[in-house]
Asks: 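Below you'll find the structure I mean.
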Amino acid sequence: MRSRLDDGQADAPSPRSPVPRGTASPVIYDALKQDILNLTLSPGHPLDETGLSERFGTSRTPVREALVRLVAEGLASTLPNRNTIVAVLDFASLPPYLDALTLMYRVSTRLAAERRTAADLDAISAAQARFAEAVAREDALAMLHTNRDFHLAIAAAGQNPYYTEFFSRLLNEGMRLLRLYYRRFDDRLPPRYVDEHDGLIEAIAMQNPDLAEVLGGEHAVQIVTQLQSLMVPNLGAHITLTARSA
């Protein structure tokens with residue numbers, strides 16, 4: 001049976017020109033991260049050091065360094081036999097993940113409204129401008145990164161580094177899920193989702209923590225609802241089984 005993750009995937013990554021010495025590891029890391037987030041490399045895909053060194057025209061050392069970074073970010077996994085694969089999407093852990101994500105949307109926006117400075121507000125607004133620009137360009141990968149930056153700027157304004165670190169981990173782990181979410185709209189994200197960010201900024205600027213928490217929760221719920229419908233589409237509920245009259 002074909003996985004839903006296979007639908008609409010791009011072709012396998014093509015070989016690249018040799019990477020200049022001294023820059024190999026970050027270049028390889030960026031290229032592989034892009035392929036993983038864009039689902040060009042599907043969950044469970046092997047990340048063979050020899051094959052990757054041939055692809056990038058380098059030795060295995062910078063490939064190994066890049067893989068270590070990907071593993072640290074949760075985008076790759078090291079198996080007991082020491083082989084590395086693209087991290088699988090564990091749908092069994094999705095409900096508690098979404099619960100934690102929703103809570104952190106609420107907590108981060110509430111604390112930001114209570115504690116933000118003028119500099120924090122500038123940083124949040126700048127991140128939102130970059131996100132809106134990425135949405136206008138229909139650049140899905142840019143949307144992933146700028147959306148993450150926006151919510152982390154809000155978390156940083158809450159002035160609790162433990163919350164910020166935890167939220168960063170959640171956002172990193174969910175980037176491929178968010179990529180599926182954007183794909184649901186053919187990477188043409190509806191303007192209302194940009195407007196929701198603007199609403200969060202307004203509540204934070206007004207220093208209204210109750211409103212900020214409510215809006216943060218609502219923003220999380222619409223994303224969670226879309227992801228849940230994507231994972232379990234329930235098409236059978238809408239299929240007509242009764243015979244039609246001639």
Side-chain angles (χ1 to χ4, degrees), residues 1 3-7 33 36-39 41-45 47 68-80 84-114 131 140-141 143-185 189 193 196-197 200 209-210 212-237:
M1 179 179 294
S3 167
R4 289 178 58 84
L5 293 177
D6 295 331
D7 295 339
K33 184 174 183 178
I36 292 171
L37 291 179
N38 208 27
L39 302 175
L41 294 175
S42 60
H45 191 284
L47 297 171
V68 167
R69 290 184 63 185
L70 292 170
V71 170
E73 292 187 9
L75 293 175
S77 301
T78 303
L79 302 177
T84 305
I85 62 172
V86 176
V88 298
L89 292 173
D90 182 8
F91 294 117
S93 66
L94 189 59
Y97 169 80
L98 294 177
D99 280 347
L101 186 69
T102 300
L103 178 62
M104 289 311 303
Y105 271 105
R106 293 171 54 205
V107 168
S108 62
T109 49
R110 181 178 189 88
L111 289 181
E114 292 177 348
F131 175 71
L141 291 181
M143 290 190 309
L144 288 176
H145 290 288
T146 54
N147 177 75
R148 175 186 178 277
D149 292 345
F150 171 76
H151 288 291
L152 284 183
I154 291 176
Q159 301 178 34
N160 187 318
Y162 293 97
Y163 286 155
T164 302
E165 181 179 353
F166 180 51
F167 199 19
S168 176
R169 174 185 164 191
L170 290 174
L171 292 171
N172 285 336
E173 290 182 4
M175 288 183 82
R176 285 181 296 169
L177 291 173
L178 197 59
R179 180 68 186 92
L180 291 172
Y181 168 75
Y182 292 158
R183 183 175 286 175
R184 187 180 182 90
F185 298 103
L189 200 63
Y193 297 137
E196 286 184 9
H197 280 193
L200 294 176
D210 291 335
E213 179 183 342
V214 169
L215 294 179
E218 290 176 349
H219 185 58
V221 166
Q222 64 87 5
I223 295 174
V224 168
T225 300
Q226 291 285 352
L227 289 174
Q228 288 173 332
S229 66
L230 183 67
M231 299 301 112
V232 187
N234 195 26
L235 295 177

Asks: How far apart are the closest heavy atoms of Tyr105 and Gly216, and which atoms are they?
Replies: CB-O, 3.5 Å
Asks: State the CD1-CG distance between Ile85 and Leu70, to the nearest 0.5 angstrom.
Replies: 12.5 Å
Asks: Please report the shortest heavy-atom distance between Ser77 and Val71, naming the atom on each side.
Replies: N-CG2, 4.2 Å
Asks: For Asn38 and Arg183, work out which heavy atoms get closest and say how close.
Replies: O-NH2, 3.4 Å
Asks: Indicate the atoms forming the closest heavy-atom contact of Pro209 with Glu114, along with that distance.
Replies: CB-CG, 3.6 Å
Asks: Restricting to non-hydrogen atoms, name the atom on Ala157 and the atom on Ala112 that form the minimum distance, rounded to 0.1 Å.
Replies: CB-CB, 3.9 Å
Asks: Do the side chains of Leu111 and Ile154 get nearer than 4.5 Å, heavy atoms only?
Replies: no
Asks: So Val107 and Arg110, do their side chains get closer than 4.5 Å, heavy atoms only?
Replies: no
Asks: Below 4.5 Å, heavy atoms only, C-beta onward: do Leu200 and His151 meet side chain to side chain?
Replies: yes
Asks: For Tyr97, run the side chain to side chain contact (heavy atoms under 4.5 Å, CB included) check against Val224, Asp90, Leu177 and tell me which one passes.
Replies: Leu177
Asks: Using modelled atom types only, decide if a donor and an acceptor are shared between the side chain of Ser168 and the backbone of Thr164 within a distance under 3.5 Å.
Replies: no
Asks: Ignoring hydrogens, what is the shortest heavy-atom contact between Ala212 and Thr109? Give both atom names and the distance.
Replies: O-OG1, 3.1 Å
Asks: Going by heavy atoms in the side chains, are Arg176 and Leu37 under 4.5 Å from each other?
Replies: yes
Asks: Contact between Asn147 and His197 at the side-chain level, heavy atoms closer than 4.5 Å - yes or no?
Replies: yes
